[in-house]
Amino acid sequence: MLKDIAFKSLYLHLPFCLKRCNYCDFLSHTYAEVKAQAAAYPAALRQEMRMYRAYAGELRSVYFGGGTPTVLPAAELCGLLDFIGRTFTLADDAEITVECNPATVDAKYLAELRAAGFNRLSIGAQSFQDAELKMLGRLHDAAAVRDCVAAARQAGFDNISLDIIYALPGQTLADLQYNLLAALKLSPEHISLYSLQLDNDSIWGREYAAGKLLPADKDLEADMLQMARGMLREQGFVQYEIANFARRGERDFRSRHNRLYWQREDYLGVGLGAASCLFMTRWQNVGTLDAYIEALAKLHRPPVEEEQLTMAQAMSEVMFMGLRQTAGVDIYPVIDRYRVDPLRFYDYELQGLFARSLVEYVEDAHSLRLTERGMMLANQVFLEFIKDETEDMQLLSRQDEPFLEI
Ligand code: SF4
């Protein structure tokens, strides 16, 4: 095992929801249909975490995502966090996030989570208009989002993120403006703003593929993002990533979990379909609930799809994940970790991107960043960083030791 490989970020996937939302393609099951498996699931998670203890560094972030983690009893989530505290070393200021759906929590539930040590709540608000929430297939209304935030404040959560979705079929700029103003009234510390994606695994994705659903116009979508960025900046938020905004102030409210991921730090994901990446090894757990639980009950590693990345693959990840952040890619830590200088490795591509004013190099911060224009065309920029595998031959690789033996 390479000495400097140790995950600092832990993700737990809780793949249960009360009901499937129309736009969602996440790996999740309807809770009522898999109650027996859901009851066995926390034990499987514990067993999987035990298996990777040797690869853990001091955890700076723990993230309970889903699905809807809060569909499980609060005691289950608190028990898992207690186990994590006993199994790994948590940094004193570790960010411990739990995603929650307003339809699943009340004041007592949130107070239990806060008392157990969860210190960041990510609330799936999505919209503040009941008609939109209904169209999305959400089980809560706008009033429930407001109640959820009030209950979270009462429970002592001082770091709350709201997810807002935009570019919905038929949605106007005024609709999004209304949603953002309503969100801002709740004074969240963080807002994640996602445009609707129509993937084939979602109900809407299938309707779109069948020609039954009309997505938002791309120009309107770009205008929405532009408007949202302006509004949030005016209201004291800093955009630190394409879709993420943190309230400016003495405390840093940027999501540590996401930043570790975008900086391509090592992370461990446990649970159904969870992905992990330790330096040049990446894997994804099996997506079948019974197979996952059965393997761990027998003390086996769950089936995974594992991949040894080439240096070219790793470098393209460094670039397109790093460039998502407004701070961009700090090239010195990259050179230190991979022994590859992105400025030289991507010399040809960067010259083209500089010429088109899509990327800039900031000398003082020794950082490569997307320009404002590049931010709007990010997906096109990212494609430039996918290189031919044979170019790996030119690099000094550190893929010299096998390391994953559990
Ligand atoms: S959007 Fe969230 S609550 Fe809705 S089905 Fe997907 S994971 Fe579950």
Side-chain angles (χ1 to χ4, degrees), residues 11-35 37-38 41 45 63-74 76-77 97-106 109-110 113 118 120-145 147-149 152 160-169 171 179 183 188 190-208 213 215 243-244 255 257-258 269-275 284-285 287-289 292:
Y11 173 83
L12 286 83
H13 191 63
L14 287 307
F16 311 107
C17 293
L18 288 180
K19 170 190 164 284
R20 193 114 186 119
C21 300
N22 292 335
Y23 59 96
C24 180
D25 72 332
F26 293 159
L27 183 50
S28 185
H29 293 272
T30 305
Y31 185 58
E33 290 170 6
V34 291
K35 268 200 161 167
Q37 290 100 318
Y41 193 75
L45 287 175
Y63 194 103
F64 285 51
T68 305
T70 49
V71 92
L72 295 179
E76 288 286 15
L77 302 185
T97 305
V98 57
E99 289 179 351
C100 108
N101 179 320
T104 58
V105 295
D106 58 19
Y109 188 104
L110 292 174
L113 296 188
F118 289 94
R120 184 170 183 271
L121 197 62
S122 175
I123 301 174
Q126 312 309 351
S127 165
F128 284 85
Q129 298 181 59
D130 290 347
E132 282 186 354
L133 289 165
K134 199 166 171 210
M135 171 174 77
L136 289 163
R138 305 286 295 179
L139 287 175
H140 59 86
D141 58 14
V145 180
D147 290 348
C148 180
V149 173
I160 294 179
S161 178
L162 297 179
D163 282 357
I164 304 285
I165 194 165
Y166 71 99
L168 304 180
Q171 195 179 41
N179 290 339
H190 187 277
I191 291 181
S192 294
L193 192 63
Y194 296 105
S195 66
L196 175 70
Q197 303 298 318
L198 292 170
D199 296 298
N200 272 339
D201 287 344
S202 69
I203 296 168
W204 275 4
R206 288 190 290 276
E207 287 182 9
Y208 169 57
L213 187 106
N244 285 280
S255 161
H257 175 80
N258 286 349
V270 293
L272 192 69
Q284 182 167 20
N285 283 347
T288 315
L289 197 50
Y292 175 78

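Note that this is a predicted model, so its numbers are computed, not measured. Every number for a ligand or one of its atoms is a count from 1 in the order of the listing.
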On a heavy-atom basis, the closest approach of Cys21 and Ile203 is O-CD1, 4.4 Å
Heavy-atom closest contact (Ala125 atom, Val145 atom, distance)
CB-CG1, 3.6 Å
Do we see a donor-acceptor contact under 3.5 Å between the side chains of Gln197 and Ser195?
yes
State, without any angle test, whether Tyr11 and His13 hold a side-chain donor-acceptor pair at a distance under 3.5 Å.
yes
Just say parallel, tilted or perpendicular for the rings of Phe118 and Phe64, cut-offs at 30° and 60°.
perpendicular
Look at the rings of Tyr292 and Tyr41 and say which category their plane angle falls in: under 30° parallel, 30 to 60° tilted, over 60° perpendicular.
tilted
For the side chain of Lys19 and the backbone of Gly137, is there at least one donor-acceptor N/O pair under 3.5 Å apart?
yes
At a cut-off of 2.8 Å, protein N/O/S around atom 8 (Fe) of ligand 1 gives Cys17 SG
Identity and separation of the nearest protein heavy atom to atom 2 (Fe) of ligand 1:
Arg138 NH1, 4.0 Å
Nearest protein heavy-atom contact for atom 1 (S) of ligand 1: which residue, which atom, what distance?
Tyr23 OH, 3.4 Å
